Amino acid sequence: MIRHRRIALLAPLLTAVGVLLLSGCGGAGHLESSGATPTAVGPIHLWPDLPPASATPNAYGETDTEQVPGIKVHGGDVRKLNPVAVVQAEVKAHPNTYSGEDGLYDETVRQLATCKQKPASCPVLKPYYRDLTGDGKDELILGIRMPDQNLAVRCYMLAKDGGLIRIMSTVDQIISVDLAGRDVILRSVSAGMPGYEYRTAWSWDDHQQAMLPTRDEIVRRKPGGESGGKHPGPSGPGQTPPSPKKKPPTARPSATLTADAP
């Protein structure tokens with residue numbers, strides 16, 4: 001009997017709901033059209049008869065990886081390393097060729113030798129740490145100040161033999177450096193294009209075993225100096241060092257790193 005009573009009570013309620021629904025459709029019980037659906041435009045392949053490239057594409061970032069001679073990571077923790085000693089070890093390994101594209105200026109090398117006596121003028125900035133490779137271990141991120149507002153940005157990971165491997169190296173006139181998740185995002189000066197800046201996201205590539213410039217874009221800067229648009233990736237907790245002039249790569253809400261002297 002209880003079941004039949006519930007059905008009897010529900011019948012008028014359902015009828016009332018039906019009336020309300022019909023009255024909301026077009027005002028007279030009719031459905032209203034939202035207009036024509038835009039026609040989807042698919043991608044068009046231009047110049048399909050172009051011959052395939054005969055040369056192998058450059059493997060960007062491949063030459064940026066190198067084991068740092070004489071550096072051992074005690075306890076497997078890169079936080080225990082002396083950042084200045086890491087850079088000095090690389091300078092010592094390349095005494096005659098270190099002024100290359102991603103190398104250091106002679107003036108910077110001379111300043112390295114006085115970091116103990118004059119820490120305020122030491123070109124090696126405060127180090128940062130982040131798991132960039134996804135292996136659960138932190139990598140070491142260094143910024144090195146150089147003349148002409150250039151900044152060298154380098155990342156290092158723990159080697160299987162307990163040594164240290166450089167997995168990223170670039171030099172630019174950098175506005176800021178951000179950590180966004182596992183990406184290192186560089187904002188740098190756009191030479192010859194006032195009001196614009198370059199933004200490059202460097203990400204770990206497991207095949208190359210290096211950090212590669214996976215996203216590169218030119219962004220319009222807002223009047224106040226802030227860049228327009230969003231970071232090329234989502235961001236996470238972290239901090240940022242300033243850097244140097246953008247050149248073509250050989251390269252979760254985001255957090256900004258500040259480049260302070262160590």
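This chain uses plain numbering: 1 for the first residue, then up along the sequence. Note that this is a predicted model, so its numbers are computed, not measured.
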Residue pairs, two or more places apart or on separate chains, that pass side chain to side chain donor-acceptor pair (under 3.5 Å) and touch residues 111-122:
none
Residues 73-87 vs side chain to side chain donor-acceptor pair (under 3.5 Å), sequence neighbours excluded, gives R79-D138
Which of D131, L164, V78 passes side-chain contact (heavy atoms from CB on, under 4.5 Å) with E139? Answer is D131
For residues [X] and [Y], report the shortest heavy-atom separation together with the two atoms involved.
X: G163; Y: Q67; result: CA-NE2, 3.7 Å
X: M146; Y: V171; result: CE-CG1, 3.4 Å
X: D205; Y: Q208; result: OD1-N, 2.7 Å
X: T108; Y: R145; result: CG2-O, 3.5 Å
X: I167; Y: T65; result: CA-CG2, 4.1 Å
X: T133; Y: R182; result: O-NH2, 3.3 Å

Rounded to the nearest 0.5 Å, how far apart are [atom1] of [X] and [atom2] of [Y]?
X: C115; Y: Q88; atom1: SG; atom2: CD; result: 6.5 Å
X: I141; Y: L132; atom1: CD1; atom2: CG; result: 4.5 Å
X: R199; Y: I175; atom1: CZ; atom2: CD1; result: 9.5 Å
X: Y105; Y: N150; atom1: OH; atom2: CG; result: 4.5 Å
X: M211; Y: W204; atom1: CE; atom2: CH2; result: 8.5 Å
X: T170; Y: R154; atom1: OG1; atom2: CZ; result: 10.0 Å

Neighbour count >12 (heavy atoms, 6.0 Å) for atom [atom1], [X]:
X: I44; atom1: CD1; value: no
X: K92; atom1: NZ; value: no
X: H45; atom1: NE2; value: yes

Can the positive tip of R220 be found less than 6.0 Å from the middle of the six-membered ring of Y196, inside 45° of the ring normal?
yes
Checking [X] now: which residues fulfil side-chain contact (heavy atoms from CB on, under 4.5 Å) with it, not counting sequence neighbours?
X: P69; value: A93
X: S203; value: D183, T214, R215
X: A113; value: none
X: L158; value: V73, K137

Worked verdict on V189 versus Y198 for side-chain contact (heavy atoms from CB on, under 4.5 Å):
CA-CA 6 Å; V189 174; Y198 286 102; over 6 Å; no
Flag the pair L179 / V184 as yes when at least one side-chain heavy-atom distance between them is below 4.5 Å, and no otherwise.
yes
When you compare the side chain of Y156 with that of V68, does any pair of heavy atoms fall below 4.5 Å?
yes
